[in-house]
Amino acid sequence: MELLSAESFPANVMEILQTLSKNVDLAKDLVKRCQEGTRPILDSEQGSIIAQLEGVIKHVGECLGLIPASSFEDQVYVEVAIRSLSNEMQNAQFTIRQTLSSKTCELDSHALSLEKQLKEEQVSIETDLYPINIEDSTDSQFFDMPHVIEARKSTSYKTNRKLWNMSRSLSTLPLVAQEIEPLYGTFFCPLMKKIIDDPVTIETGVTYERKAISEWFEKFKNSEEIFCPITGHKLVTRDLVTNIALKSTIDEWRERNEVARIKVSQAALSLASSDGMVLEAIEDLQSISQGRQYSRKQVCSDGVLASLVKFLQYKNIDVVCAALELLRLLCAEEDDGIKEIISKKMDISTAIKMLSRSHQRVRHASLLFLLELSRSKFMCEKIGSVPGGILMLISLKYKPSIDVFASEKADETLRNLESSPNNIKRMAECGLLEPLLKHLVEGCEDMKMEMASYLGEIVLGHDSKTYVAERASPPLIKMVRSGNTLCRREAFKALSQISSYQPNGKILVEAGLVQIMFEEMFTRRICDEPMNSTIEAAAILANVFESVLELENLQVNTRGHTVSSNYVVYNIINMVKNSTPDDLNINLIRILLCLTKTPKSTASIVSAVKTTDASYTLTEFTNNPDDELGIASIKLLGALSPYMGHTLIERLCKTRGHPENLIQSPTEVTQITERHAVSAKYLAQLPHQNLTLNLALLSKNAVPTILQTINQIQRSGTRSSRYANAYLEGLVGILVRFTATLYEPQMLFLARNYNFTLVFSELLMKTSSDEVQRLSAIGLENLSTESINLSKPPQIKRTKIMKLFYLPKFLSFGSSKRRKIPVCPVHRGACSSQNTFCLVDAKAVERLLGCLDHDNVEVVDAALSAICTLLDDKVDVDNSVSMLSEVNAIKHVLNVVKEHQQEGLWQKSLWVIEKFLMKGGDKSASDISQDRLFPATLVSAFHHGEGSTRQLAEKILRHLNKMPNLSTYNPVM
């Protein structure tokens, strides 16, 4: 086809094609004569056919060689293929092997399989060490003997047959194939029909396998009846004499053949011309590897490993599994030498990666290989060091429902890998903690110390932290109480790690940790200990206390002292005053902060701080550059501020750099830190009525910074920083504190200058924080309370004071026509949101009413308190009620009464309703009486409310004619 498709072809092309066609037909005829099988082929005829076949093949090669190079043009691959084929065919040659008995030609292994040869050939057996020779005879009687038939089924026979098949395929390796020796008749046991392993000779001179002849003798109860199974002669004695010569001969034969077989298999693996050839070679190496250790070393040392590693990436699954099985057999013994050789030749990660293969057979073979490797301590470390290897094994271990075999073998492999401490750590990091915990509980002192160090280093998942605490706490506490400083150090680290997970606090308390840690803090001292156990103990206690709610009755020693006792509190306070390491101070303050959760311990802390100089120390800590210490100190001071706020303000104002350092504003919202937030919160928590602090803040020009930061946060949003919302709440709280001291002219000027009324009104609506809304309502309440004092009737004459205020031209009094100044209907004077803080002028009433529908009770309470300032006896209540009625205020107040059951809200709401009933006329009374649910709520308040609430409910019920008027009649005198 190539010749005919070429553009230019030689002149004798037809002659070449015709000659090739004739030779192909002739070759077919010759092959057909060999395949008919209707009659035996004589030796002479066989030789003739082979000679003719050689001639035909050589003639075909010569014809192909006649094609000139010009015919191929640029088809290089065609030319190379044809030239190569021509050379091979011209050099083709067949050899005929002669047997010793008949000297006739044996069919070459390229034509017939060994199986067919054995059926057609005759073999003569000698009683001494002569080979079994095969003849070209169909009258064979030897192969009809039982022991020879059985031998043909044996492993040795099958192995040699495979090797002969391979040698037939490996035409390039005739010298290697010739080294394989045939079987010898005397190698077979007449009873077992297998090659003898332990040859012994009886008195008749026949040699048997020791086990086989012993079993034969046991069949005879009477020793006089025993006879030789082969000769039939009676035996006088049962003596068995080891046939040392035969045993040595068989061993030497095996050794020589194994060397030759390894060479043939290695050659087959190198060529790898077919999957079948590779499989046969690997299977033969498997049979060799199942024998002596020396044989396995020979397999490893003859370059087979490189080929096996290559076949692990083979596409054929059978080849991959066979290669893995051979590798497993090579390292099946306890000798680590072969395993080290294998580890040097191959990358263990290759076998690890096969665990994720989709073929189950490959996964199983890889697991068995890894299991065998893991029996060596040297290989355990290598397997564990493969990234992801232990994780994959753990994954297989926990999937028994998917693959039981893989789960069992993975579990067995992991147990072997436990011999390496590093692997135990890797298992723990991958979620398998049982090995670490088992060695921590049951191991020797060094092992416990190493496991504790791992427990202090690894990051545990939340699902396992509680289990680890339950198992590890008792042994770790024992290690702390020991005198070994190294063990103590690792135990402290592990306990610190465990205690950092809050749900573990109760477990650690039940394990007796609290008493041990207080003992470490207050009494126990170990000389020359490299670590500071007090710091470690304080950190662990702080972690535990932050997670345990009921601290008051926790015992700290055998003398009956509890956590809330003066013994504990004063000891900790003294340590805070006298200690220098920041780490210790941080944890001591964390412990004190936790103790403020209970009233008893809070009272002890307040007393201790007041009677000592600890308040100065804690205030100084707020300036510490260490953020963690500064934050902890500020939080503790904030918790103590309701009990000793004025004392803390005094200390704060006497401390250098305060209070301005507590309101440092970040340049960007995203840079707001926890320290910014807690500092602002602390200033907002301190008593608002303390004028000293307010004036100190005013003198440091804090208000412009606060307002600027509030605007910046509102523009950027509180989500831009984790602490932005808390910081905003603190800043608004600081603004509110100025409204509590408006009696001071400087505070009044400040509120007017920055129009606090407008600021708080806008904050009511422009925030998502409940606390900011609550604080804004409180600020408006404080400002509105002052409105009645600031609102004055308008004066016609222009006073000197008015000259001080700058007014726009359109408000100038220079106009010839005097304008009528409006009077506030509520405050009965000239009002404005900026100067008199009038809520009506600021349009803040509607916003406050909107807050009454809030879910947060504190926001509702603050908003209602601000509205109550418009109904005070000092203002014009009639006009105020009328104004509130216009914005439907009574509806919002009624909803408050119905939806909230808090005593304070009831009192304020009922007070407002009474004002509407008294001053609002028939319309207000009608609106209130038409609410169907209100009477039931009113009755409930009458029955269950406190004194003032009950009185208000009674008055309203009488207004609504729900109760009789019991006022006594007073006659006119």
Side-chain angles (χ1 to χ4, degrees), residues 703 707 732 735-736 738-740 742-743 745 747-767 773 775-796 798-799 801-802 804-813 818-852 862-890 892-893 912 915-916 919-920:
V703 175
L707 292 173
V732 175
L735 287 182
V736 172
F738 294 116
T739 65
L742 291 174
Y743 59 85
M747 298 296 111
L748 181 62
F749 178 79
L750 177 71
R752 286 173 168 174
N753 189 40
Y754 291 103
N755 200 351
F756 275 14
T757 311
L758 181 61
V759 171
F760 289 130
S761 297
E762 291 181 350
L763 284 171
L764 277 176
M765 306 305 295
K766 293 183 179 180
T767 182
Q773 285 184 309
L775 291 171
S776 299
I778 292 174
L780 289 174
E781 178 192 359
N782 293 339
L783 293 170
S784 181
T785 302
E786 197 66 24
S787 294
I788 190 62
N789 299 323
L790 298 175
S791 180
K792 302 295 181 182
Q795 297 181 6
I796 299 174
R798 191 175 180 183
T799 63
I801 297 175
M802 295 178 62
L804 299 176
F805 291 93
Y806 168 78
L807 294 175
K809 289 183 179 181
F810 66 89
L811 294 179
S812 174
F813 291 100
R818 295 194 174 274
R819 297 186 180 183
K820 186 178 180 180
I821 301 175
V823 176
C824 176
V826 176
H827 299 111
R828 296 187 290 264
C831 282
S832 69
S833 61
Q834 183 168 5
N835 292 327
T836 64
F837 318 129
C838 180
L839 299 183
V840 179
D841 184 71
K843 303 294 189 295
V845 176
E846 292 85 349
R847 297 179 180 183
L848 289 169
L849 290 174
C851 291
L852 295 182
L864 189 58
S865 297
I867 292 173
C868 287
T869 61
L870 300 176
L871 297 172
D872 190 83
D873 292 339
K874 295 180 181 180
V875 303
D876 191 330
V877 179
D878 292 336
N879 289 335
S880 183
V881 168
S882 177
M883 180 271 298
L884 290 173
S885 297
E886 292 177 1
V887 291
N888 206 13
I890 194 63
H892 295 282
V893 177
V912 172
K915 291 288 185 181
F916 271 82
K919 302 293 184 179

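Every value quoted in this text rests on a predicted model; they were computed, and no experiment measured them.
At least one donor-acceptor pair closer than 3.5 Å links the side chain of Ser787 to the backbone N or O of Phe837. Under a 3.5 Å cut-off, the side chain of Thr785 and the backbone N or O of Glu781 do form a donor-acceptor pair. Side chain of Arg752 to backbone of Gln834: no donor-acceptor contact under 3.5 angstrom is found. Of the possible donor and acceptor atoms, one in the side chain of Ser880 sits under 3.5 Å from a partner among the backbone N and O of Leu870. A distance-only check finds a donor-acceptor pair linking the side chain of Thr869 to the backbone of Ala866 [under 3.5 Å]. For Thr757 (side chain) and Ser833 (main-chain N/O), a donor-acceptor pair under 3.5 Å exists by modelled atom type.
Looking at His827 and Thr836, their side chains never come closer than 4.5 Å, going by heavy atoms from C-beta outward. Side-chain contact between Asn753 and Val703 is absent, with no heavy atoms from C-beta onward closer than 4.5 Å. At least one side-chain heavy atom of Leu707 sits under 4.5 Å from a side-chain heavy atom of Leu735.
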Worksheet entry | Candidate pair Leu742 and Leu790, rule side chain to side chain contact (heavy atoms under 4.5 Å, CB included), full reasoning | CA-CA 11 Å; Leu742 291 174; Leu790 298 175; over 6 Å; no
Worksheet item: Which is it for Leu871 and Val881 under the side chain to side chain contact (heavy atoms under 4.5 Å, CB included) test, yes or no, and what are the steps along the way?
Response: CA-CA 7 Å; Leu871 297 172; Val881 168; 3.7 Å; yes
Fill in: Trace of the salt bridge (Lys or Arg N to Asp or Glu O under 4.0 Å) decision for Asp876 with Lys919
CA-CA 10 Å; Asp876 191 330; Lys919 302 293 184 179; over 6 Å; no
Fill in: Stepwise side chain to side chain contact (heavy atoms under 4.5 Å, CB included) check, Val912 with Cys868
CA-CA 7 Å; Val912 172; Cys868 287; 3.6 Å; yes
Practice prompt. Show your reasoning for whether side chain to side chain contact (heavy atoms under 4.5 Å, CB included) applies to Cys831 and Val840.
Written response: CA-CA 9 Å; Cys831 282; Val840 179; over 6 Å; no
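The NZ atom of Lys915 lies 13.0 Å from the CD1 atom of Ile890; values are rounded to the nearest 0.5 Å. The structure places CG of Leu763 at 11.0 Å from CZ of Phe756, a figure rounded to the nearest 0.5 Å. Taking CG of Leu758 as the start and CG of Leu783 as the end, the distance is 11.5 Å to the nearest 0.5 Å. A distance of 10.0 Å separates OG1 of Thr739 from CD of Glu786, quoted to the nearest 0.5 Å. To the nearest 0.5 Å, the span separating CG on Asn888 from CG on Leu849 amounts to 8.5 Å. From Leu839, atom CG reaches atom OG of Ser784 across 3.5 Å, with rounding to the nearest 0.5 Å.
When each of Val893, Val845, Asn879 is tested with Leu884 by the rule side-chain contact (heavy atoms from CB on, under 4.5 Å), just one qualifies, namely Val845.
Of all heavy-atom pairs spanning Ser761 and Leu780, the tightest one is OG-CD2, 3.9 Å. Closest of all the heavy-atom pairs between Arg847 and Met765 is CD-CG, 3.5 Å. When all heavy atoms are compared, the tightest approach of Phe916 to Ala889 is CZ-CB, 4.3 Å.
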